[in-house]
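Note sheet for the following structure.
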2 protein chains.
Amino acid sequence: MTVSKAAEKSSEKPADAAKGRKDAGDVQAEALQLGELSEQLGYVLKRAQLKVFENFLRCMASLQLTPAQFSVLLLVEKNPGRNQTEIASTLGILRPNFVAMLDNLESRDLCARIRSTNDRRSHILVLTDKGKAVLSRAKKLVATKHEARLNDLLGQANREALIGMLSKIANEF
Amino acid sequence: MTVSKAAEKSSEKPADAAKGRKDAGDVQAEALQLGELSEQLGYVLKRAQLKVFENFLRCMASLQLTPAQFSVLLLVEKNPGRNQTEIASTLGILRPNFVAMLDNLESRDLCARIRSTNDRRSHILVLTDKGKAVLSRAKKLVATKHEARLNDLLGQANREALIGMLSKIANEF
DNA sequence: GATAATTGTTATGGACCATATCAAATAACG
DNA sequence: CGTTATTTGATATGGTCCATAACAATTATC
């Protein structure tokens with residue numbers, strides 16, 4: 001397992017990057033054998049995840065939303081009236097790290113912190129009108145450009161099976 | 001998409017962490033609705049990957065091997081006589097970042113850098129005897145404690161289908 | 001033989017993750 | 001009530017991983 005990020009920029013391309021030379025009459029530099037690596041769950045899982053995130057960022061370039069930011073907007077929309085701690089922990093984000101993330105979204109007027117009247121310690125999170133509009137456009141982009149790609153690649157049935165298995169791993173492994 | 005690491009230590013537990021209180025007669029604090037998030041490829045993929053790496057580290061605790069280190073040892077064993085650039089780029093590791101990694105493995109006497117006689121710029125990578133022994137034990141641990149868990153969870157056929165689909169995503173997405 | 005390219009390396013900065021700690025507010029409880 | 005404990009958002013800080021630029025030594029190119 002390994003494989004770096006490199007989102008947009010070409011950089012490494014794990015699979016066939018290690019060729020070096022191979023133009024005309026060249027003998028050396030056979031492709032390396034991955035061997036058992038290609039059967040390792042963690043390896044292939046990580047590689048797939050990087051590719052998917054990479055594609056996600058490309059699809060969202062016009063909206064400048066990262067996967068994490070998108071997940072926050074989705075969750076806030078689905079769960080109005082929740083505070084930072086609840087939203088963050090549901091996503092597995094630690095509260096300290098969630099602060100800067102919200103600062104970002106709030107500075108872009110995508111969501112807002114509202115002091116709760118019940119508990120004046122907590123900040124209720126809501127989407128702004130702009131946030132709702134952006135999220136709506138984001139959903140469409142994800143559906144048409146991102147998720148649709150899975151269907152093209154695997155087919156509808158396999159796509160659902162894959163999501164199901166990954167969910168099972170995420171919850172029960 | 002989001003979900004942090006937290007390998008061993010409990011920390012967050014994305015799924016049901018955001019409950020807060022819920023002991024006796026408590027009304028508040030319903031579980032948050034994940035909504036469309038649970039169908040997002042990237043989200044579930046990342047969550048699964050974190051869980052798998054987490055489990056991998058637990059299984060390898062006795063050998064102190066990370067997924068990345070394991071992949072390096074596997075690849076060096078399978079491809080003897082290759083240099084740092086070739087091994088690193090095949091794994092998607094950038095050369096500068098590969099240096100410290102090799103320093104680590106070499107300091108633990110798991111692999112060695114050998115100056116090539118053909119090209120005195122490059123370092124040929126080989127496993128030491130200890131490295132081979134450790135890798136052998138690592139493989140057994142991974143097979144019996146880690147990968148076997150997938151079969152218990154998904155079944156043999158589904159496990160293979162999953163690996164196949166992930167590989168396809170990693171290579172063609 | 002001068003110039004370009006490659007290899008391993010160092011230095012450095014960014015992104016993400018995790019812990020400790022704090023002030024403000026609230027809860028628990030004698 | 002008042003004291004103590006807990007919770008919330010926040011700051012500071014350190015670690016890990018990822019990415020780029022630059023360098024010396026060596027080799028390739030012409």
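Values in this document were obtained by computation on a predicted structure and should not be read as measured data. Proteins come first, then strands; the chains are lettered A, B, ... in the order of their sequence lines, and each starts at number 1. Just so it is clear, the values below take in all heavy atoms, side chains as well, and ignore hydrogens, waters and symmetry mates.
Of all nucleotides listed (D:dC18, D:dT11, C:dT9), C:dT9 comes nearest to the side chain of B:Q84. Nearest nucleotide to the side chain of B:P96, out of D:dT8, C:dA11, C:dG8: C:dA11.
A:F98 meets the ring pair (Phe, Tyr, Trp, His ring centres under 6.0 Å) test with no other residue; sequence neighbours excluded.
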Please tabulate the protein-to-nucleotide N/O contacts below 3.5 Å involving nucleotides 24-27 of chain C, giving atom names and distances.
{"residue": "C:dA25", "atom": "OP1", "partner": "A:R120", "partner atom": "NH2", "Å": "3.2"}
{"residue": "C:dT26", "atom": "OP1", "partner": "A:R120", "partner atom": "N", "Å": "3.1"}

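Taking atom CG on A:L94 and atom P on D:dG14, their separation rounds to 18 Å, with Å as the unit. Between A:I124 atom CD1 and D:dG9 atom P the separation is 8 Å, expressed in whole Å.
Pairs passing the salt bridge (Lys or Arg N to Asp or Glu O under 4.0 Å) check and including a residue from residues 111-128 of chain A, sequence neighbours excluded, read A:D103-A:R113, A:E106-A:R113, A:D119-A:R121. Within the structure, salt bridge (Lys or Arg N to Asp or Glu O under 4.0 Å) pairs that include any residue of residues 156-173 of chain A comprise A:E147-A:R159 (at least two apart or interchain).
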Show me the donor-acceptor pairs, under 3.5 Å and distance only, between side chains in residues 132-139 of chain B and residues at least two apart or in other chains.
{"residue": "B:S136", "atom": "OG", "partner": "B:K140", "partner atom": "NZ", "Å": "3.3"}
{"residue": "B:K139", "atom": "NZ", "partner": "A:E36", "partner atom": "OE2", "Å": "2.9"}
{"residue": "B:K139", "atom": "NZ", "partner": "B:E77", "partner atom": "OE1", "Å": "2.8"}

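Other members of the cluster containing B:I114 are B:I124, B:V126, with ILVMFWY side chains joined at under 4.5 Å, either directly or via other members.
The side chain of B:T85 contributes an N or O atom lying less than 4.0 Å from OP1 or OP2 of C:dG8.
Applying the 6.0 Å contact sphere to CD of B:Q156 captures more than 12 heavy atoms from other residues, nucleotides or ligands.
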